[in-house]
Amino acid sequence: PSSPTPTPSPSSPSSPTPTPPCSPHCECMKEVAILENQNETCTGVVESLNTLLVIAQDAFTPVNLTTGDAKDERCKQPKWRNFVSYELYLEAHENLASDYDGKKAAYDGAYQKWFTEKVLCDEIGERLTQKRKDCINLAASANLAASASAAPAQNAALTAAVANIVAFNWFQQPFVSREVKENTATQKGLTAAASAIAAGKSAEQAAAEAGAATSQEALDQGMPQEEAAKVAAAAAGDAATSMAVQDKKTDSQVAAAAGAAAEAAAVSAGLSESKANEAAAKAAGKAAAERAAVQGASDTDIAAAAGTAARAAGAAAGMTPVEAQQAAAAAAGVAASEQAEKQNLSSAQVASAAAASAQKAAVAAGASSSDAVQAASDAAAAAAVKQADKSDVPQSDVPILAAAASKQALTDAGVTEKEAAAASIAKASEVAQDVASDSGLTAESIGTLASTATEAVAKVNGYSEADAAKTAAKAAGASAATAVQQQPVVAAEQVDATAGASAITQNATGIEEIAAAAASSALQSGLQSPALSTEEAIQVSIASAKETAIGVATNEGKTQAEIVQAGAAAETAAKAAAEQTVADAQQAQQNELVKVESSPVDASTQASCGPYLTRLQVCSTYKTCYESALTAWRDRWSQQVTKMAARKAEMKALLMIKCFITVLEEKAPSQKTVKFHACGETAIYNTSSLDMTQPNPPAQELCDAGTDPGGCAAPAEQQVV
């Protein structure tokens with residue numbers, strides 16, 4: 001983020017003295033730079049370890065093909081008669097087994113070192129992301145402080161702004177936080193799978209343990225249950241893919257194994273049957289794309305392979321033909337976008353590639369022309385969201401980017417401008433709801449984000465101010481209603497025994513509550529728009545409640561009479577609630593006109609009390625903040641020193657492994673011993689690239705609130721006049 005406007009020194013908040021050389025935000029960005037350097041170094045180490053892993057794998061693969069797990073069986077064959085003596089046969093077998101064991105140990109060790117460093121590197125990346133968020137918050141706070149110092153008379157507006165930032169702080173957070181959490185949880189699952197295999201468990205059991213461990217880690221990090229289950233399914237699919245490849249399965253078998261493992265993990269984590277089927281298709285498509293890429297297939301063939309595998313896995317999991325077609329298109333779109341990303345194409349080009357591949361996959365799967373075009377639109381939007389997921393784009397901008405990509409895909413497919421615009425507006429609301437739901441926000445906050453995104457996209461597409469505001473209010477209501485409907489399942493043990501089994505439903509929310517949520521969010525969106533009158537906002541709120549109630553009642557299979565009754569009841573309740581909300585707001589506005597001041601004091605003293613008390617509070621807050629930050633800084637540095645020593649030891653060990661691999665590859669017997677001793681403990685391995693220099697934390701600045709002017713009334717002495 002850009003640096004905030006320079007603010008006066010804390011020592012005299014109201015004086016025009018020059019800004020200190022480096023503000024708290026500036027110091028924060030210095031820490032970001034340090035973490036970026038550490039992250040870059042760590043990434044380099046991971047890449048080096050990956051190179052060593054490839055070398056170890058190349059050395060192990062030939063002997064694994066000739067010996068492998070069958071080495072003991074081959075010893076039982078009567079081939080010893082071909083040797084001069086049985087002793088020579090035993091010696092030959094021992095050499096064979098020793099060669100296998102040695103190269104397998106080297107490969108396993110190289111893999112473990114790479115994996116361990118990868119986890120550490122991911123941790124640094126997560127801390128870097130968090131530090132960037134901290135800097136954003138510091139910038140926001142600095143801007144508010146500057147405004148407060150410059151215009152004390154705007155305290156009421158500033159208080160509202162602060163409350164808004166506290167309530168919607170996630171608007172300022174980059175959309176990368178979920179990716180970091182997913183990666184951490186997935187690594188936890190893959191570690192569990194590796195431990196399961198080492199313990200002699202089957203591939204299916206290992207994949208199941210990967211899913212369970214990932215799900216628990218995701219939940220521990222605060223992910224919503226459904227999102228945690230999806231990540232668990234993906235991790236199980238990844239684990240199954242890895243094990244199937246190691247078992248030399250065919251590409252179709254690898255994809256099928258990934259799909260089956262993902263579906264089982266999804267069900268175990270609590271996903272519905274339809275969601276589990278989607279997870280199976282997604283995992284199968286990912287596995288097929290990876291196999292095709294390894295074999296050097298073209299981007300088009302990679303996307304096609306992903307679509308074919310996803311469709312097959314979806315059908316095997318019980319999807320309908322239409323659902324399998326959609327799964328095929330989605331998988332092809334994801335594969336195409338990933339290939340485009342590897343070529344460093346622009347975000348627009350990535351979305352375009354995803355849309356084209358999704359449309360082709362949908363047609364190949366037998367989808368109609370209109371369904372294929374819709375698949376292209378969905379794939380383009382998904383690619384745009386993923387691109388935002390990997391950048392510092394604020395969450396509030398993600399739906400807008402997705403809508404733009406969706407509209408472009410529809411336009412490229414020949415859809416009219418008007419239809420494409422309407423579809424892109426709907427897509428903005430849909431993506432806003434997904435983004436907000438992933439952040440664990442309340443239904444009201446979800447409605448706010450949907451409203452903001454929808455209004456922005458509507459204006460871009462030429463809607464008038466009033467029409468854009470109405471569209472935004474409707475989107476807010478619909479999104480809030482959907483969020484309320486998607487509340488967690490009620491567990492059996494949480495149901496009152498007197499309520500009976502009928503209380504255990506997909507969600508325990510009634511039509512009235514869902515309609516009320518829609519009405520409330522639509523009303524708030526309408527009232528906040530200067531383009532709508534109070535009456536227009538109320539009418540949009542009532543219409544949103546009625547439409548929501550009718551939709552929910554219809555989906556629940558109510559009779560026509562019950563549907564009409566539900567709509568009328570929602571309409572009546574929404575009207576009463578809206579009128580009461582407006583009346584309360586008008587009363588609050590009237591209360592703002594009541595002047596609150598201290599007991600009689602002279603005018604000059606009265607004027608000086610506000611600035612003095614403000615400076616006093618600023619100094620107190622600054623001192624507490626500095627001490628807390630300094631303690632955290634020292635703890636963080638201590639942790640980094642410990643980790644630095646560990647990384648240097650690991651790097652030395654890995655360099656030794658790399659050296660010892662050359663001993664195994666040496667053909668001349670006379671040189672093996674020479675190279676072996678050259679790789680020993682006395683050898684010098686340079687690990688200086690991991691050295692860190694301790695930076696000096698910024699000193700605490702002097703903050704002087706000044707002298708109490710005297711006569712400032714305490715809160716208890718204030719009175720209404």
Side-chain angles (χ1 to χ4, degrees), residues 45-76 89-121 187 189-203 205-207 209-210 238-239 241-249 294 645-685 687:
V45 173
V46 170
E47 291 176 353
S48 299
L49 293 178
N50 186 61
T51 301
L52 294 179
L53 177 60
V54 172
I55 294 173
Q57 184 176 19
D58 290 343
F60 172 58
T61 299
V63 69
N64 186 40
L65 293 175
T66 58
T67 309
D69 295 334
K71 62 182 181 180
D72 294 331
E73 293 297 325
R74 297 192 180 196
C75 282
K76 296 177 182 179
Y89 161 71
L90 288 178
E91 181 180 354
H93 171 69
E94 289 174 357
N95 290 337
L96 183 69
S98 176
D99 189 29
Y100 170 84
D101 291 339
K103 291 183 177 178
K104 184 177 187 303
Y107 169 75
D108 290 343
Y111 175 82
Q112 186 60 41
K113 294 298 183 182
W114 169 83
F115 181 80
T116 302
E117 188 64 29
K118 180 72 164 56
V119 172
L120 292 175
C121 201
Q187 293 298 339
L190 295 180
T191 301
S195 299
I197 291 296
K201 297 183 179 180
S202 67
Q205 291 173 318
E209 293 195 12
D238 290 345
T241 298
S242 177
M243 290 180 285
V245 170
Q246 291 180 6
D247 290 341
K248 309 299 180 185
K249 301 290 186 182
V294 168
R647 285 195 290 270
K648 290 170 72 72
E650 291 171 358
M651 184 176 181
K652 180 178 179 181
L654 289 165
L655 291 174
M656 291 179 70
I657 291 174
K658 183 177 180 180
C659 186
F660 283 128
I661 289 175
T662 64
V663 178
L664 298 174
E665 294 174 337
E666 178 59 53
K667 303 299 182 183
S670 60
Q671 291 299 312
K672 283 183 175 288
T673 302
V674 175
K675 288 190 173 183
F676 177 81
H677 290 298
C679 297
E681 284 290 341
T682 58
I684 298 176
Y685 296 100
T687 61

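- For residues 663-674, the side chain to side chain donor-acceptor pair (under 3.5 Å) pairs, not counting sequence neighbours, are Glu666-Lys675.
- Shown here are the side chain to side chain donor-acceptor pair (under 3.5 Å) partners of Thr662, two or more places apart in sequence or in another chain: there are none.
- Put simply, the side chain of Glu650 reaches to within 4.5 Å of the side chain of Thr116, judged on heavy atoms.
- Listed by chain and number, the residues in a side-chain contact (heavy atoms from CB on, under 4.5 Å) with Ala203 are Met243 (sequence neighbours excluded).
- Here Gln112 contributes atom CD and Thr191 contributes atom OG1; the two are 7.5 Å apart, rounded to the nearest 0.5 Å.
- Sequence neighbours left out, not one pair with a member in residues 48-57 passes salt bridge (Lys or Arg N to Asp or Glu O under 4.0 Å).
- In this structure, CG in Leu654 is found 13.0 Å from SG in Cys659, a value given to the nearest 0.5 Å.
- Residues Ala207 and Ala239 come closest through the heavy atom pair CA-CB, 4.3 Å.
- Applying the salt bridge (charged side-chain N to carboxylate O under 4.0 Å, His left out) test to Asp247 and every residue at least two apart in sequence or in another chain returns nothing.
- The side-chain contact (heavy atoms from CB on, under 4.5 Å) test applied to Val119 returns Phe115, Gln187, not counting sequence neighbours.
- By the salt bridge (charged side-chain N to carboxylate O under 4.0 Å, His left out) test, Lys118 pairs with Asp122, sequence neighbours left out.
- With Lys648 contributing its side chain and Thr687 its backbone, the two residues share a donor-acceptor pair below 3.5 Å.
- Ile684 CD1 to Lys652 NZ: the interatomic distance, rounded to the nearest 0.5 Å, is 9.5 Å.
- Leu655 pairs by the side-chain contact (heavy atoms from CB on, under 4.5 Å) definition with Met651, Tyr685, not counting sequence neighbours.
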